[in-house]
Amino acid sequence: MKIVFYTNSFYPDPIGIAYYNAEWVEHLLKLGHEVEVITAVPYYPQWSVRPEYKGRWRVRETYKQAAVTRTWVYVPRHQTAIGRFFCELSFMLASFPILFQSRADLLIAVSPPFGAGLAAAIVRHLKNIPLWLHVQDLQIDAGQAVGFLRGRALVSILTTLERWVLRRADLVSTISTAMRERVIAKGLAPEHVALFPNWVDTEVMRPIPKETAFRRENGLTGKFVILYAGNIGIHQGLDALIAAAEQLKDNKRIQFILIGEGNYREVLAGKLMGKNLDNIKLLPLQSKERLPEVLASADAGIVMETRRMANLSMPSKILNQMACGRPLIAVTAPQTALGLLVAERKCGVVVPPGNADLLALAALNLSGSFTMAPSMGAAARSYIEKEVDRRHLLSVVPDLLNRALHSDASAYRDYALKRLLDTGLAVLGFLISSPFWLLIPLAIWLEDRGPVFYKQERIGRFGKSFQAYKFRSMVKMELPQFDRRQAARGDPRITRVGRLCRMTAMDEVPQLWNILKGEMSFVGPRALLPKEVEVHASALGEIPLDRIPGYERRVRMTPGLTGIAQVYAARDISRRHKFRYDLIYAKRQSLWLDLRLILASGWNSLTGRWEKIGCNPTPHRVKGPA
């Protein structure tokens, strides 16, 4: 099939996400797929466009039989947060026309940048091309964690946009269990969020003797080398590493090595010059070909993760260090995904962020033991071989492709005007019903001197509960299990005022407030009770609704004040039959269908027909888009 692979990071960028993207594309080609890559001109990690690409708006070339289209991207001179924002925005704007014009059977988008996911979701929404969204980093959460994204309004807009993007994807994959759990918490069904970790080529990254040419070139022979290799940014917490090195400056055996590029590199270099430390060296980025030798030259690797960045990504550089059979000093909170991995696999030591004393002590303990570092290194290598070997992880790609192509995650999608329609109709409904807000409560109170309103917990979209409000139409019952049953015609619980309200659906009017809050929609399935049961005559005893076929798909929809089941199904038919009506709505949902159901509901209210429903057309006669 034809696959469009969309990312701003690709070969020949030597590090980061580009490495995995290139190998992913190569594997797709080996599987026999036709692949088109839409990406940016190479600029990372030097943050400078390569000379052969400068001044070119669009470049077409080939990589391993894959057609590659590169677009211009704005690269800031200084690596600030706002500069990176405009860099990513420029890629989204420059590449979107190419992405929109492309034809494919499947779209794979890699985020970050967040804009790539947004552009892909828009194309998915407009062109109905299945989308597999791979999340390497929860960028919105990370922006809040480091303080770049501030202000309640801005954060609210971005998180809402993020949820929209995630829900448009037919399959979302992440690189760690902790990240997968965070994505699910944003409102996705667990079966539509896959774990697809970064991998290691264990044949290339493997244990070799540590006395290498790299050691000899940098005067490291006989030293206990602790290596940091990765992004040198302000949020890595590298100042703690300098403080630990300062405490160990009299120890002539321990040597810290820092390799990488980033927006904090010049500042860090200035601090090192000011302290005049011999036991810590800052080296430039090494070539990809020399990476196995460089990593194997260390006695231990170190990875820095601040508390604010915990579980928002999984540093991929640690995998290569572990594959070389070297233990880790993981500077992270103990309960993070990284901390738990290191502790459970016994492949290193965990040090709390910002504690230079404990970091220095961990370095002393590792360097002073003849058995600790080798045994931890062997455990690290064993974990890599069993869990994240390249051949093992890439073997699941066909299954993930199939899940993306045949997913029902996107069976229900809010069309663009749905929320606007809901808000407008709710406000209009309040205005029209305003005279009844005094008459109905007075009539309810005069009949039995009971409460006017009825508040009840209901199940919303993705199983999230909320409080629904109604005018009370029934007497107060003492048996909880009886209240969980759906009302039938002639139900003895219904009061005289309640019967009139139910005929005209005026008892539902307070739920306009739930619509304004976004907990309900005007059209959708009925909002279920948390422990509602099926007690229809055709059922064998009481059956919890979550065990009825179709419940999982149904609960992904926003519940509605009205819908196909409410308009066309008799009140006393079984829940399993009503679920069929709801699933028809999920498949055929559109603005036109919603308008038809709203008009039919209005007519039922004006004529008092709600309690007489049951002789209306069957669901197959309700037409809408397939």
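For clarity, every value in this text was computed on a predicted model and none was experimentally measured.
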Chemist: Using 0.5 Å steps for rounding, measure from the CG atom of L118 to the CH2 atom of W164.
Modeler: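 Going from CG on L118 over to CH2 on W164, the span is 6.5 Å.
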Chemist: Is any NZ, NE, NH1 or NH2 atom of the basic residue among E203 and R391 found under 4.0 Å from an Asp or Glu carboxylate oxygen of the other?
Modeler: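 Between R391 and E203 there is a salt bridge, with a charged N closer than 4.0 Å to a carboxylate O.
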Chemist: Would you please say whether a donor-acceptor pair under 3.5 Å links the side chains of W132 and S173?
Modeler: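 W132 vs S173: donor-acceptor pair found between side chains.
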Chemist: I need the minimum non-hydrogen distance between G260 and I232, along with the two atoms involved.
Modeler: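 Residues G260 and I232, closest heavy atoms: O-CD1, 3.5 Å.
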Chemist: Looking only at heavy atoms, what is the nearest atom pair of S176 and L195, with distance?
Modeler: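 Looking at all heavy atoms of both residues, the closest pair is C-CD1, 3.4 Å.
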Chemist: Does the side chain to side chain contact (heavy atoms under 4.5 Å, CB included) test come out yes or no for L268 and I242, once each step is laid out?
Modeler: CA-CA 9 Å; L268 196 68; I242 296 177; 3.1 Å; yes
Chemist: Among F85, Y6, F114, exactly one meets ring pair (Phe, Tyr, Trp, His ring centres under 6.0 Å) together with F91. Which residue is that?
Modeler: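 Exactly one pass, corresponding to Y6.
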Chemist: Are the side chains of V135 and V172 in touch, meaning some heavy atoms are under 4.5 Å apart?
Modeler: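 A side-chain contact exists here, since the closest heavy-atom pair is under 4.5 Å.
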Chemist: Give the C-alpha distance, both sets of side-chain angles, the deciding distance and a yes or no for side chain to side chain contact (heavy atoms under 4.5 Å, CB included) between I38 and F5.
Modeler: CA-CA 6 Å; I38 300 175; F5 196 96; over 6 Å; no
Chemist: Whether the T7 and T39 side chains hold a donor-acceptor pair (N or O, under 3.5 Å, no angle test) is what I'd like checked.
Modeler: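 No, no side-chain donor-acceptor contact under 3.5 Å.
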Chemist: More than 12 heavy atoms of other residues, nucleotides or ligands under 6.0 Å from NZ of K275: yes or no?
Modeler: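 Open: at most 12 neighbouring heavy atoms sit under 6.0 Å from NZ of K275.
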Chemist: So, N218 side chain and F214 main chain: donor-acceptor pair closer than 3.5 Å or not?
Modeler: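 Side chain of N218 to backbone of F214, a donor-acceptor pair under 3.5 Å: yes, one is there.
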Chemist: Step by step, work out the side chain to side chain contact (heavy atoms under 4.5 Å, CB included) result for V331 and I302.
Modeler: CA-CA 7 Å; V331 180; I302 186 168; 4.2 Å; yes
Chemist: To the nearest 0.5 Å, what is the distance between CG (L295) and CD1 (I208)?
Modeler: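 Those atoms lie 9.5 Å apart.
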Chemist: Would you call Y585 and D594 a side-chain contact if the rule is heavy atoms closer than 4.5 Å?
Modeler: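 The answer is yes, as the side chains (C-beta and beyond) meet within the 4.5 Å cut-off.
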Chemist: Any side-chain heavy atom of Y11 within less than 4.5 Å of one from P42?
Modeler: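 In short, these two side chains do not touch, never coming nearer than 4.5 Å.
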Chemist: Quick check on the 6.0 Å ring-centre criterion: do F10 and Y63 meet it?
Modeler: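 They qualify: ring centres under 6.0 Å apart.
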Chemist: What orientation do W24 and H134 show, parallel under 30°, tilted 30 to 60°, or perpendicular over 60°?
Modeler: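 Perpendicular: the ring planes of W24 and H134 meet at over 60°.
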Chemist: For the residue pair K281 and F256, would you count it as a cation-pi contact if the rule is NZ or CZ under 6.0 angstrom from the ring centre and within 45 degrees of the ring axis?
Modeler: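 Checked: cation-pi criterion not met.
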Chemist: Calculate, to the nearest 0.5 Å, the distance between atoms CH2 and CH2 belonging to W72 and W57 respectively.
Modeler: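 Here the interatomic distance stands at 5.5 Å.
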Chemist: Is T336 reaching over with its side chain to a backbone N or O of G339, donor-acceptor style, under 3.5 angstrom?
Modeler: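 Side chain of T336 to backbone of G339, a donor-acceptor pair under 3.5 Å: yes, one is there.
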Chemist: Tell me whether the count of non-hydrogen atoms from other residues, nucleotides or ligands lying under 6.0 Å of NZ in K517 goes above 12.
Modeler: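 More than 12 within 6.0 Å, yes.
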Chemist: Go through the steps to decide whether Q136 and N198 satisfy the test side-chain hydrogen bond (donor to acceptor under 3.5 Å, both in side chains), and finish with yes or no.
Modeler: CA-CA 9 Å; Q136 285 271 5; N198 290 331; 2.9 Å; yes
Chemist: Rounded to the nearest 0.5 Å, what's the gap from CG on L282 to CZ on R265? Could you check?
Modeler: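 If I round to the nearest 0.5 Å, the distance is 4.0 Å.
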Chemist: With no hydrogens and no angle check, is any side-chain donor or acceptor of R124 less than 3.5 Å from a backbone partner on I129?
Modeler: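 Yes, R124 side chain to I129 backbone: donor-acceptor pair under 3.5 Å.
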Chemist: Do the side chains of R206 and E293 get close enough for a salt bridge, i.e. N-O under 4.0 angstrom?
Modeler: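 Between E293 and R206 there is no salt bridge, as every charged N stays at least 4.0 Å from the carboxylate O atoms.
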Chemist: Does K464 have more than 12 heavy atoms from other residues, nucleotides or ligands lying within 6.0 Å of its NZ?
Modeler: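 No, not enclosed.
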Chemist: Measure across L31 and P398 and return the closest heavy-atom pair with its distance rounded to 0.1 Å.
Modeler: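 Heavy atoms only, the tightest pair is CD1-CG, 4.0 Å.
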Chemist: Indicate whether any N or O donor in one side chain lies under 3.5 Å from an N or O acceptor in the other, for R60 and T69.
Modeler: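 Result is yes, a qualifying pair exists.
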Chemist: Quick one, I384 and D389 - any side-chain contact, counting heavy atoms below 4.5 Å?
Modeler: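 Contact flag for I384/D389 side chains = no.
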Chemist: Any donor-acceptor pair under 3.5 Å linking the side chain of K2 with the backbone of R103?
Modeler: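 Flag set: sc K2 to bb R103 pair under 3.5 Å.
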Chemist: About how many Å separate CG of L394 and CD of E26, when rounded to the nearest 0.5 Å?
Modeler: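 Reported to 0.5 Å precision, the distance equals 10.0 Å.
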Chemist: Determine, for R381 against E385, whether the closest basic-nitrogen to carboxylate-oxygen distance falls under 4.0 angstrom.
Modeler: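 Judged by the 4.0 Å cut-off on N to carboxylate O distance, R381 and E385 do form a salt bridge.
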Chemist: Quick check: closest heavy atoms across R70 and P12, and the distance to 0.1 Å?
Modeler: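 Looking at all heavy atoms of both residues, the closest pair is NH2-CD, 3.7 Å.
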Chemist: Is the shortest side-chain heavy-atom distance between E23 and R390 below 4.5 Å?
Modeler: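 E23 vs R390: side chains touch.
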Chemist: Can R403 and D170 be counted as an ion pair, charged N to O under 4.0 angstrom?
Modeler: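 No.
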Chemist: Okay, side chain of N21, backbone of S9: is any donor-acceptor separation there less than 3.5 Å?
Modeler: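 The answer is yes, because a donor-acceptor pair under 3.5 Å joins these two groups.
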Chemist: Distance from E88 atom CD to L93 atom CG, nearest 0.5 Å?
Modeler: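 The CD atom of E88 sits 12.0 Å away from the CG atom of L93.
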Chemist: Distance-only, no hydrogens or angles: does the H192 side chain make a donor-acceptor pair with backbone N or O of L171 under 3.5 Å?
Modeler: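 Checked: no pair found.
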Chemist: Counting C-beta onward and ignoring hydrogens, is there a side-chain heavy-atom pair between L393 and P197 closer than 4.5 Å?
Modeler: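 L393 vs P197: side chains touch.
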Chemist: Could you tell me whether the side chain of D105 reaches within less than 4.5 Å of the side chain of E34, counting heavy atoms only?
Modeler: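 Counting from C-beta outward, E34 and D105 never come under 4.5 Å.
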Chemist: If I compare all heavy atoms of A380 with all of R326, which pair ends up nearest, and what's the gap?
Modeler: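 A380 and R326 have their closest heavy atoms at CB-O, 3.8 Å.
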Chemist: May I have the step-by-step check of side chain to side chain contact (heavy atoms under 4.5 Å, CB included) for R167 and L188, ending in yes or no?
Modeler: CA-CA 7 Å; R167 292 173 182 177; L188 272 70; 4.1 Å; yes
Chemist: Any side-chain heavy atom of I17 within less than 4.5 Å of one from P112?
Modeler: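 Yes, side chains in contact.
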Chemist: Determine yes or no for a side-chain-to-main-chain donor-acceptor pair under 3.5 angstrom, with K271 supplying the side chain and D239 the backbone.
Modeler: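 Side chain of K271 to backbone of D239, a donor-acceptor pair under 3.5 Å: no, none is there.
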Chemist: If you compare all heavy atoms of V165 against all heavy atoms of G117, which two are closest, and at what distance to 0.1 Å?
Modeler: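 Closest pair (atom of V165, atom of G117, distance): CG1-O, 3.5 Å.
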